[in-house]
Amino acid sequence: MRKLRKHREAIIAGLTGVVMTLLLTFSLRYADNYSIRDQLDAELYALQLEVRRELQSHMFGFTWISRQGLNGPAWVDEGETVTSYYRQFRTLYWFTPEGEISARYPDMPTAASQVPQDIMFWLHKFNHGVRYLISADSMGEHPADLLLIVPQLEREPRGYYAGLLDTNRLLHLIIGRHITEGSQFRVIRQSDGGILFNYASDDSLRTQWGSDRVFQLFGESWHMELWPSPTRLQQMRNKLPLLVLISGSLVTTLLTFVLYLLGVSRVRERMLEEANRELYDEIEEREKIEKRVAYLAEHDSLTGLANRNAVIAHLKSEILRLREQRELIGVLLIDLDHFKEVNDTLGHNIGDALLKQVAARLSELHVGRSLLARLGGDEFAILVSDLQEQKDLEDFADEVIAALDTAFHVEGYEIFVTGSIGISLTQTGEEDAEELVRHADTALYRAKDKGRNIWHVYSQELHDELSDRLDLSKKLRYAIEQNKLTVYYQPQVDMTTRKVIGVEALVRWIEDDGSMIGPDRFIPIAEDSGLIIPISEFVLQTACRQLARWRDLGFNDLRMSVNISGRLFQLPDLTEQILFAVKSAGIPTAYLELELTEQVLIENSSSHTQFMHDMRDNGITLAIDDFGVGYSSLSYLKHFPINALKIDRSFVKDLPDDKDDATITQTIVSLARNLDIGIVAEGVETQEQAEFLIERGCTIGQGFYYSRPLPADELTQLLTQPDGAIPVKIN
């Protein structure tokens with residue numbers, strides 16, 4: 001027992017290490033299992049979305065064909081063209097109201113001429129013009145086959161457009177493109193348990209690792225299952241739990257052995273010796289710390305330069321010394337441009353080394369009596385005294401920019417950085433130190449705003465401009481609180497008929513005296529301050545309610561477009577807010593269109609992607625605003641559910657004379673038509689522009705040629721023009 005007491009610490013350490021190692025190993029294995037299940041569920045969800053997207057694509061295409069093609073049985077004559085675009089259609093039909101199959105593609109003389117009773121049961125329940133997707137039952141060649149039907153019951157000839165969809169082939173194509181190698185996939189009809197599709201060769205892990213989802217169809221439910229093969233499961237496994245178990249065991253063994261050695265040594269004597277040594281070390285360390293604290297109070301720990309405290313103290317003394325002599329004192333505030341990219345790309349160690357080299361290079365520059373300091377981060381300051389005129393300081397700022405423009409060599413990397421400089425000088429001789437630094441910081445902000453790698457001198461005009469911006473921000477906040485914002489509507493016109501088919505909601509700020517503050521002034525401020533969020537909510541709710549009023553007046557085909565700011569994606573309940581605004585107004589979701597900028601798509605965060613799919617699933621359409629002026633990428637046209645492109649006005653304003661704009665516009669129109677998405681031209685101001693766009697296939701436009709943005713009551717008068725056509729010119 002005495003021996004055990006000597007080694008009590010080693011025993012406790014060993015037991016604790018074993019327990020912690022096992023707990024950590026099991027925790028990591030549990031987390032690994034959870035992660036694998038998440039991956040499988042995400043893969044199955046992606047497959048389900050792809051199946052839904054393909055089915056919706058065929059449904060939308062079939063609906064469009066039934067409304068745009070030949071009426072009655074004659075539409076089947078276009079079967080070869082239809083099936084060349086939508087290859088998953090097995091057969092195309094025309095059913096009469098009595099159930100007779102009067103047309104079929106491809107024609108099979110021996111095929112049945114009457115619709116089976118199980119299909120007739122559904123036909124009598126269908127309404128005119130609505131698309132339906134049902135199980136093909138006895139008409140199909142495979143249990144998974146589906147039948148797409150669009151009734152035509154309110155005009156001659158009466159009957160049903162129908163297309164037999166080869167779902168089994170469709171699923172094979174989707175699986176071939178989107179499933180991960182080693183994944184097992186199966187589709188089962190939920191009503192009777194029949195297997196509709198099977199892409200599985202190994203069922204051993206189905207019960208333990210299977211992920212399942214229910215896919216709802218008209219009158220039927222499919223049960224989708226996904227599970228890994230043993231080989232893929234092994235590939236998905238994380239090696240970390242095993243490494244933790246091995247390393248934990250080694251560390252525990254080593255620690256136990258070390259504590260065992262300490263237990264058999266003369267611990268008390270060593271503790272006494274170390275206590276005395278620690279006492280002397282503590283005294284010596286305390287003296288070092290006190291000296292270090294005194295040094296750091298006025299110096300930067302990284303570069304050894306003066307810090308902000310030293311700058312303010314030195315500036316105060318210089319102001320007092322030179323106030324009687326009326327000489328100038330200047331402050332240069334230097335900020336390295338895009339320094340964060342160096343830290344993010346090469347690491348903070350390289351960034352710190354770069355800051356040291358910048359400090360050394362700036363130290364080699366001299367003008368008058370000067371003090372170089374680092375204020376923090378990548379910001380430096382130079383205080384210059386004994387100046388005779390402002391130009392001396394401006395010339396010195398040029399030297400600083402030129403010095404920074406030469407490459408820095410840091411640990412094998414060649415790094416180029418530039419600097420933006422804000423300059424302030426004593427004007428009246430009554431300025432204090434904090435005020436001069438603050439003025440330099442204001443000038444630095446303007447230098448960055450003007451493009452970086454330049455200097456800017458603080459002036460009263462700059463101060464007044466920033467004050468006006470701050471004042472406008474305050475007025476905007478008050479205008480939002482007092483409901484002084486309003487919504488104008490600019491028509492979107494079918495340029496071939498001059499009929500208004502939609503409107504775009506645009507916010508306007510009208511003061512009490514009737515003057516209007518342009519959106520180009522207050523929208524950037526709203527974006528920077530976050531006020532764009534309540535403004536966007538106001539515009540959305542107002543636009544939805546106004547659309548409901550127009551629908552009450554009989555304008556049932558009018559579509560409302562509303563801009564969505566990228567700042568709104570910070571809201572966790574953005575989807576719910578939009579759907580609430582639509583439902584509260586009582587309008588169909590299909591008549592609301594949200595316009596997003598290309599920047600929103602470029603960010604491509606998971607929240608943005610989920611939002612756009614949520615909108616599509618709820619019937620709300622999406623359009624890309626100002627298409628072509630940002631970082632256009634064709635990939636997001638493929639991956640995101642985009643319904644329309646809006647050609648930016650910068651490409652339209654010089655049409656048809658500018659060859660480059662004409663080529664770009666033609667390319668955008670062709671791209672939209674080939675992708676089967678809508679196209680709208682912004683900024684149409686002349687008849688020549690309209691004719692050019694119509695000839696290229698862009699028939700929808702908006703701009704001053706048709707109408708400026710109008711209040712709701714004036715636009716109502718415009719909508720009630722004879723034949724619903726817009727006048728030749730609206731000023």
Side-chain angles (χ1 to χ4, degrees), residues 53 56-57 60 489-495 501-507 519 523 527 532 536 539-540 543 559-569 574-575 578 589-653 655 661 663-684 689 693 696-703 709:
R53 187 189 69 79
Q56 288 179 342
S57 173
F60 291 156
Y489 304 90
Q490 186 171 31
Q492 295 177 346
V493 181
D494 185 337
M495 295 185 289
I501 64 168
V503 295
E504 179 180 359
L506 302 169
V507 66
I523 290 297
E527 290 280 0
I532 194 66
S536 298
V539 173
L540 176 63
R559 180 183 299 274
M560 178 67 70
S561 296
V562 179
N563 292 283
I564 295 295
S565 168
R567 292 291 293 269
L568 290 181
F569 287 95
L574 176 58
T575 299
I578 293 174
T589 56
Y591 290 92
L592 176 63
E593 180 177 76
L594 302 180
E595 297 186 5
L596 300 86
T597 63
E598 290 179 299
Q599 183 62 36
V600 173
L601 301 179
I602 292 168
E603 292 173 359
N604 190 17
S605 71
S606 58
S607 62
H608 296 185
T609 304
Q610 184 61 46
F611 167 78
M612 286 184 276
H613 284 287
D614 289 343
M615 293 297 98
R616 181 193 65 183
D617 293 342
N618 284 281
I620 297 175
T621 59
L622 300 173
I624 303 178
D625 194 17
D626 302 331
F627 183 77
V629 299
Y631 299 95
S632 300
S633 172
L634 299 183
S635 64
Y636 55 62
L637 298 180
K638 172 183 177 182
H639 295 294
F640 296 126
I642 302 301
N643 303 97
L645 303 179
K646 299 192 71 174
I647 304 175
D648 185 69
R649 66 184 65 250
S650 62
F651 300 127
V652 177
K653 67 183 182 68
L655 293 179
D661 285 344
T663 302
I664 293 173
T665 302
Q666 175 67 69
T667 302
I668 296 174
V669 173
S670 299
L671 174 66
R673 294 181 64 186
N674 290 333
L675 293 176
D676 196 21
I677 57 180
I679 187 75
V680 180
E682 296 182 301
V684 180
Q689 294 170 352
L693 292 166
R696 269 83 184 158
C698 177
T699 60
I700 309 301
Q702 68 181 90

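Remark: Met495 CE to Cys698 SG distance equals 4.5 Å, nearest 0.5 Å. Here the straight-line distance linking atom OG1 of Thr575 with atom CE of Met612 works out to 11.0 Å at 0.5 Å rounding. In this structure, CD1 on Ile647 lies 5.5 Å from OG1 on Thr665, to the nearest 0.5 angstrom. One distance of note links CD1 of Ile677 with OG1 of Thr621; it measures 12.0 Å at 0.5 Å rounding. With values rounded to the nearest 0.5 angstrom, Asp648 atom CG is found 10.0 Å from Lys653 atom NZ. Note that CZ of Arg696 is 8.5 Å distant from CG of Leu655, once rounded to the nearest 0.5 Å.
A pairwise comparison of heavy atoms in Leu693 and Ala681 identifies CD1-CB, 3.4 Å as the closest pair. The shortest heavy-atom contact between Arg649 and Gly683 is NH1-CA, 3.4 Å. Heavy-atom minimum distance, Val503 versus Pro491: CG1-CA, 4.1 Å. Closest non-hydrogen pair, Gly697 versus Val669, comes out as C-CG1, 4.1 Å. Scanning all heavy atoms of the two residues, the minimum distance from Ser650 to Asp661 falls at O-OD2, 3.7 Å.
Not counting sequence neighbours, Gln689 has no partner by the side-chain hydrogen bond (donor to acceptor under 3.5 Å, both in side chains) test. Annotation: side-chain contact (heavy atoms from CB on, under 4.5 Å) contacts of Arg616 (sequence neighbours excluded): Arg53, Gln56, His613, Pro641. Residues meeting the side-chain contact (heavy atoms from CB on, under 4.5 Å) test with Asp494, sequence neighbours left out: Thr496, Thr497, Ile501, Thr699, Ile700.
Leu506 has its side chain out of reach of Val539: every pair of non-hydrogen atoms, C-beta onward, lies at least 4.5 Å apart. Looking only at side-chain heavy atoms (C-beta outward), Lys646 and Gln492 come within less than 4.5 Å of each other. With a 4.5 Å cut-off on side-chain heavy atoms, Tyr489 and Met560 count as touching. No side-chain heavy atom of Leu596 sits under 4.5 Å from any side-chain heavy atom of Asp625. You'll find the side chain of Phe611 reaches within 4.5 Å of the side chain of Ile578, heavy atoms only. Residues Leu645 and Leu675 are not in side-chain contact: their nearest non-hydrogen atoms beyond the backbone lie 4.5 Å or more apart.
Judged by distance alone, with hydrogens and angles left aside, the side-chain atoms of Arg559 form a donor-acceptor pair with the main-chain N or O of Ala590 at under 3.5 Å. A distance-only check finds a donor-acceptor pair linking the side chain of Asn643 to the backbone of Leu622 [under 3.5 Å].
Between Ile620 and the options Asp614, Val562, Leu594, a side-chain contact (heavy atoms from CB on, under 4.5 Å) holds for only Leu594.
For the 3.5 Å distance criterion, the side chains of Gln702 and Glu504 qualify, holding a donor opposite an acceptor.
Residue Asn618 qualifies as enclosed at atom CG: its count of foreign heavy atoms under 6.0 Å is above 12.
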Exercise for the section: Dump the intermediate steps for side-chain contact (heavy atoms from CB on, under 4.5 Å) on Leu540 and Leu592, then the final yes or no. Expected result: CA-CA 10 Å; Leu540 176 63; Leu592 176 63; 4.3 Å; yes
